[in-house]
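The block underneath contains the structure these notes are about, expressed in structure tokens.
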There are 2 protein chains.
Amino acid sequence: MTSPQQPGSTPRDGRADTVPEGEGTVRRTVLPGGLRVITETLPTVRSAAFGIWAGVGSRDEEVADAGASHYLEHVLFKGTAKRSALEISAAVDAVGGDLNAFTAKEYTCYYARVLDSDLPLAVDVVSDMVAASVNRPEDVEAERGVILEEIHMRDDDPGDLIHDEFSLALYGDVPLGRPILGTEESINALSRDRIHGYYRDHYKPSDLVVSVAGNIDHDEVVRMVETAWAPYLSDIAAPSPSAPRVGGPDVPVDPSVRVLDKDTEQAHIVLGCEGVRRTDDRRFALGVLNAALGGGMSSRLFQEIREKRGLAYSVYSFTSQYADSGIFGVYAGCQPGKAEEVLAICREEIAKVLDGGLTDEELERGKGQLRGGMVLGLEDTGSRMSRIGKSELVYESLLPVDEVLARIEGVTLDDVRDIAAEVLARPQALTVIGPFEDADFSL
Amino acid sequence: MTSPQQPGSTPRDGRADTVPEGEGTVRRTVLPGGLRVITETLPTVRSAAFGIWAGVGSRDEEVADAGASHYLEHVLFKGTAKRSALEISAAVDAVGGDLNAFTAKEYTCYYARVLDSDLPLAVDVVSDMVAASVNRPEDVEAERGVILEEIHMRDDDPGDLIHDEFSLALYGDVPLGRPILGTEESINALSRDRIHGYYRDHYKPSDLVVSVAGNIDHDEVVRMVETAWAPYLSDIAAPSPSAPRVGGPDVPVDPSVRVLDKDTEQAHIVLGCEGVRRTDDRRFALGVLNAALGGGMSSRLFQEIREKRGLAYSVYSFTSQYADSGIFGVYAGCQPGKAEEVLAICREEIAKVLDGGLTDEELERGKGQLRGGMVLGLEDTGSRMSRIGKSELVYESLLPVDEVLARIEGVTLDDVRDIAAEVLARPQALTVIGPFEDADFSL
């Protein structure tokens, strides 16, 4: 068994190991082999969320691997050297826990949310899944059918499908543009060896982050993780954690129009452009802009399209951030015969913001919306676990909640005007799903 | 202004007014006019969830009113004597709160989740919406388009649509069987006067329950609610709260097969039958049965259909409870060419449980799953608010969490065998959405 770095000592990579955080405290320990353990103690709750994050996602896949990160995420539930798939799920079901995982473009997360007294079980099961997956050929084969059905289910839900289509419309057929799920073709082509190789290459302890939030003690968590990971940390070559994914040069965008002819009741529309990268200081100003344009029921798009004209049930704007790029977009679902009108209103509202910026009232309301939404969101141990785990993978350091709130508070009308002038003037991509032909839409 | 009943005094309808509840305490006060205020104090959180519940839902609608409860729920966001739709949404957006509503078959709920310091604002805005809606003809008209788009969106999502179709397949074209949203035809036919009449008939203070959970003080909440409701409580004829909806004779079921021919990628299947009513003591045994058959990743259906054979991504069983009926069903989404095979496995697994019951291990795991799921679910102020608010409308008294846990713990293998023998042997209804003809499926 390896011995952990003493809690409180200086971490190997210069990151702070203790950050006071509202009611909680965030602490960080790096185990030999480079496995990071980051925890947030929230003494007033009775649950704990335990996660293991891998710094790999669909944008790390070559064409031949498309969908491998997500496929592997599924296979990790299929069994380890000492547990079958049933034993993995039964262990967590038996305590009423929530065991799940998700794959994004830049990371993958496996987690269990349990009562605090069941944390040792969660640490043991999730660590085993991630550290000791055997990826049996017959399991990889059975799971291929499951992934294909997940793709089909996504295809049957246009409100979901449209976001995958929009990524392709904005970035083109490049890793960041391709769907996380892969395609039927790529999933059918992926071999067990390729999946297993992907696992060996991307799930080394130094690539991983263990994050835990809830009614827990950091030192105890470190001891539990150390015990669970002992066989896998002893003779690792690279002792330092992988560097965070902070991004290189801008990802080129290649905006186009994609029209998917489908016999749907609604036209599903996304119009958007490149936003800002995750580390861009202007992301707070863009967040306020997003809130005012389409972030809530009082936003301009909601008011104009739904409240005044009754043209849509679902209408909103959104932002996504990646290491070296981002997305700003608007979605609306409406009658196919009203698609042109709705699209015209979206364009008009975007033009109005470009022209005149926001009002003082919209600025204050947008800030309040971001602030309140953030604080309310952090009442859940799962959200807390996600915040610290993801931050470790994608930022140089954890931005404390108070600092985030101060940055939001600091946004001015000029900041919003500046980011609007830059982002909203960028070349736009457009995706429409519905009973249409390509020629029905253009930019 | 009316004066509230003194907290701590005996409520008018014989319900307990204080129930100790884990860390929190549940308290209840009835205001003049029969408006109930029920709160749960959770001193360790920083948020508050404020809800107003109306004891009316889609099953209270005649054919000519189909969809009226839900339509009205939308219209209540459109404006009051003193606030426009924008002023309603802007007030809550400005503090980053979550303002929303939902309509069910037996009740309707309007709620806001906010930081505890913003509770006075939530009380004021949500109370105003519910108490003083003006239901302007032009607003009812604009919202008609929104509802129609919500229906179209539901139609475009087969995983959602299938549950509405299944209710029709099980109960037939009766109030409990019809969709909460109504139909295009019924929504187009509903007049402003009909909607307004529905509001006047079903939103009297004695029909409503105010429920609040979070870092709040019961007496303060009662004072805030009293102030907000003062103009509407003074001269009400019926001073006692409406009786809870505890149900009469069994609702007759009329199981059939419904096949919806749609050009989807997947076959979406629900097979089910009548379950148990909300007050049936055997609901805990049925809950354990549901967990073991299709409630988690370790369940029989998940193992057989997804884990071993890779035939589906989404497969689960579910229960619903109403005052005088209930549903037990299984869902699976699979390749259309595999629909028959998946359906055969579902039937086989149901037959096996009927035949041999559960194992000791499944019993214990099922109980653990219900217990843990319940306790973890109650860490959220929104869930706590829902539990006490809904309970007031549909139960004679609130079942404390410890009592629920004890009831779950008390379930035996014989209890499960008995409820399986009764429920799983009942006549089944079947619904399938996909590229099929009616003749492709039978019972």
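Since we're looking at a predicted model, the values are computed, not measured. Side chains are part of it too, since the values below use all heavy atoms of this structure and drop only hydrogens, waters and symmetry mates. Residue numbers begin at 1 in each chain, while the letters A, B, ... track the order of the sequences.
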Let's test your reading of the structure: which of [options] forms the most heavy-atom pairs below 4.5 Å with chain B?
{"options": "A:H152, A:Q266, A:E361", "value": "A:Q266"}
{"options": "A:M374, A:K262, A:E141, A:K78", "value": "A:K78"}
{"options": "A:A142, A:G310, A:A85", "value": "A:G310"}
{"options": "A:S314, A:C334, A:A291", "value": "A:C334"}
{"options": "A:G296, A:A91, A:G295, A:A312", "value": "A:A312"}

Interatomic distance, [X] atom [atom1] to [Y] atom [atom2] [nearest 0.5 angstrom]:
{"X": "A:I147", "Y": "B:Y313", "atom1": "CD1", "atom2": "OH", "result": "8.5 Å"}
{"X": "B:T264", "Y": "A:M153", "atom1": "OG1", "atom2": "CE", "result": "13.0 Å"}
{"X": "A:L86", "Y": "B:R300", "atom1": "CG", "atom2": "CZ", "result": "11.0 Å"}
{"X": "B:E184", "Y": "A:E265", "atom1": "CD", "atom2": "CD", "result": "7.0 Å"}
{"X": "A:D380", "Y": "B:T381", "atom1": "CG", "atom2": "OG1", "result": "11.0 Å"}

Exercise for review: Tell me, for B:I305 versus chain A, whether the close heavy atoms (under 4.5 Å) come from the side chain, the backbone, both or neither.
Suggested key: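 Neither part.
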
Review point. At a heavy-atom separation under 4.5 Å, does B:E150 approach chain A through its side chain, its backbone, both, or neither?
Key: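 Contact with chain A: backbone and side chain both.
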
Let me know if [X] has heavy atoms under 4.5 Å from chain B in its side chain, its backbone, both or neither.
{"X": "A:I151", "result": "neither"}
{"X": "A:E307", "result": "both"}
{"X": "A:K308", "result": "backbone"}
{"X": "A:Q335", "result": "both"}
{"X": "A:V45", "result": "both"}
{"X": "A:A90", "result": "both"}

Practice item. Taking all non-hydrogen atoms of both residues into account, name the closest pair between A:P158 and B:D156 and its distance. Key: CD-O, 3.2 Å

**Study point:** For the student: nearest non-hydrogen atoms of A:E379 and B:S47, plus distance
**Key:** OE1-OG, 2.7 Å

Which residue out of [options] racks up the most heavy-atom pairs below 4.5 Å with chain A?
{"options": "B:H74, B:K367, B:K338", "answer": "B:H74"}
{"options": "B:S299, B:G145, B:S89", "answer": "B:S89"}
{"options": "B:D155, B:D98, B:I88, B:V95", "answer": "B:V95"}

Practice item. Write out, in numerical order, the residues from residues 112-119 of chain B with a heavy atom short of 4.5 Å from a heavy atom in chain A. Key: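 Near chain A, by residue number: B:R113, B:V114, B:L115.
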
Review point. B:D93 side chain to A:S298 main-chain N or O, any donor-acceptor pair under 3.5 Å?
Key: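 Present.
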
